[in-house]
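A quick note: this is a predicted structure, and the numbers were derived from the prediction, not measured. All residue numbers refer to positions in the sequence shown, counting from 1.
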Amino acid sequence: MAGPLTEEQRSRRIYASLQAMSCPLVEGLYLQEEDKMLQLLSVPSQHRTDILAWICSSIDPNFDKSKKKLMISQDSADLTKEMAALGHQMMLCKADDLDLIRGDASPLRQLNFLEQLLYLVPGCGNSTGHRSDGEKLLNELFSAENLPNLTHMLSPALDLWPSDIKALLKGRKSPKSSRQDTADMTALLQLTQSELEQLQSQCDFLDSETQSPVAFSPTSLRVAASDLQELMATFRHVYETDLKMYCSSKPPSFSNDADIFRRVHQLVLACNTELEMLKEASEVSESMSEAIKQLQTKPRYWNRGEKRTLPDQLETVIRRIGDLLSQLRS
């Protein structure tokens with residue numbers, strides 16, 4: 001099973017998609033190395049911003065109009081906000097995720113964002129050869145062999161609507177007359193209003209004019225006293241059956257060695273902390289060693305059309321300085 005694509009491979013695929021879409025911003029570049037493609041698509045630059053703006057214009061024609069106005073005003077911050085807002089509408093990023101638009105986010109996240117945007121461009125799925133599962137499902141659903149089933153689903157033979165809803169859908173009157181419905185509704189409203197008035201007369205505490213802020217009704221006091229009596233009786237029963245024997249016993253005596261165990265526990269915690277620090281220091285040392293090894297072995301620096309390692313580059317610089325000093329002395 002093939003592993004996940006690296007950042008360089010994703011950048012090559014996105015670059016090929018832009019070329020297949022005839023993007024004018026990649027014409028004439030003729031990039032062949034994957035690291036150059038990755039630098040073009042993930043390092044902040046005006047060229048990268050123009051490519052992202054071209055993709056957004058291909059997705060939404062209205063964005064092209066606003067982009068032209070912002071280009072006239074030469075306001076790059078507003079253009080960045082507009083692209084972030086479009087990405088938020090497409091549910092690809094947050095509205096305030098400006099680092100992703102400017103190119104300050106991680107390369108992997110930027111490549112994922114660009115790839116998702118390219119999938120939304122009309123005709124991009126056919127040009128790159130990658131078709132989404134949703135497109136395959138729609139093509140299968142609207143195929144010739146499935147059209148009769150789809151038509152049957154849109155107009156089923158069994159109508160499950162109730163009779164009154166059927167009448168409303170077909171534009172016919174309900175079996176009951178409108179006058180009878182109005183009379184029934186009026187009677188129901190009058191009955192409900194009379195019941196509400198009766199309940200309000202029984203609930204004196206709802207009347208804000210007659211309510212006293214400091215006085216309590218006798219009924220409320222009676223209920224509170226009854227609840228308190230039940231709670232006290234329950235507590236007395238629990239105390240007599242379960243708690244009394246423990247309350248009359250002597251308090252337990254603690255050992256004099258408790259301070260020693262506490263001190264040992266603190267020392268063990270300190271030892272664990274130091275071990276974790278040593279482990280982190282070892283991991284940092286290994287990562288630094290790996291980075292230094294890559295600097296010494298991996299070609300990264302250009303010199304006369306070819307990449308060289310750091311020691312080779314330093315040796316070349318030292319040799320040039322020596323030649324320059326010999327020329328100056330002579």
Which distance, rounded to the nearest 0.5 Å, do you find between the [atom1] of [X] and the [atom2] of [Y]?
{"X": "Asp35", "Y": "Leu40", "atom1": "CG", "atom2": "CG", "answer": "11.5 Å"}
{"X": "Asp60", "Y": "Leu120", "atom1": "CG", "atom2": "CG", "answer": "11.0 Å"}
{"X": "Glu290", "Y": "Met288", "atom1": "CD", "atom2": "CE", "answer": "12.5 Å"}
{"X": "Thr309", "Y": "Gln294", "atom1": "OG1", "atom2": "CD", "answer": "13.0 Å"}
{"X": "Ile14", "Y": "Leu111", "atom1": "CD1", "atom2": "CG", "answer": "4.5 Å"}
{"X": "Met83", "Y": "Cys93", "atom1": "CE", "atom2": "SG", "answer": "10.5 Å"}

How far apart are the closest heavy atoms of [X] and [Y], and which atoms are they?
{"X": "His47", "Y": "Leu25", "result": "NE2-O, 2.7 Å"}
{"X": "Arg48", "Y": "Leu41", "result": "NE-O, 3.1 Å"}
{"X": "Val284", "Y": "Ser287", "result": "O-OG, 2.7 Å"}
{"X": "Val26", "Y": "Tyr15", "result": "O-OH, 3.8 Å"}
{"X": "Glu34", "Y": "Arg12", "result": "OE2-NE, 3.1 Å"}
{"X": "Ala95", "Y": "His88", "result": "N-ND1, 3.6 Å"}

Does the [X] side chain pair with the main chain of [Y], one donor and one acceptor, at a distance under 3.5 Å?
{"X": "Gln110", "Y": "Ala105", "answer": "yes"}
{"X": "Ser282", "Y": "Leu278", "answer": "no"}
{"X": "Gln9", "Y": "Thr6", "answer": "yes"}
{"X": "Ser285", "Y": "Ala281", "answer": "no"}

Using side-chain heavy atoms (C-beta onward) and a distance below 4.5 Å, is [X] in contact with [Y]?
{"X": "Arg262", "Y": "Gln266", "result": "yes"}
{"X": "Thr80", "Y": "Arg102", "result": "yes"}
{"X": "Leu38", "Y": "Val43", "result": "no"}
{"X": "Cys271", "Y": "Glu274", "result": "no"}
{"X": "Ile51", "Y": "Leu114", "result": "no"}
{"X": "Leu18", "Y": "Leu118", "result": "yes"}
{"X": "Lys81", "Y": "Ile101", "result": "no"}
{"X": "Leu228", "Y": "Met232", "result": "yes"}

Any salt bridge between Asp323 and Arg320, counting N to O under 4.0 Å?
->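 The answer is no: the pair does not qualify as a salt bridge.
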Decide side-chain contact (heavy atoms from CB on, under 4.5 Å) for Val264 and Val268; before the verdict, give the C-alpha distance in whole Å, the side-chain angles of both, and the deciding distance to 0.1 Å.
-> CA-CA 6 Å; Val264 171; Val268 170; 4.3 Å; yes
Please check if atom CD in Gln19 has more than 12 non-hydrogen atoms from other residues, nucleotides or ligands closer than 6.0 Å.
->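 Atom CD in Gln19 is crowded, with more than 12 foreign heavy atoms closer than 6.0 Å.
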CD/Gln198: more than 12 non-hydrogen atoms of other groups inside 6.0 Å |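 Not more than 12 within 6.0 Å, no.
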Take Met21 and Trp54 through the test side-chain contact (heavy atoms from CB on, under 4.5 Å) and record every step on the way to the result.
-> CA-CA 11 Å; Met21 294 167 59; Trp54 181 85; 3.7 Å; yes
Apply side-chain contact (heavy atoms from CB on, under 4.5 Å) to the pair Leu79 and Phe63, showing each step before the final yes or no.
-> CA-CA 10 Å; Leu79 180 61; Phe63 178 83; 4.0 Å; yes
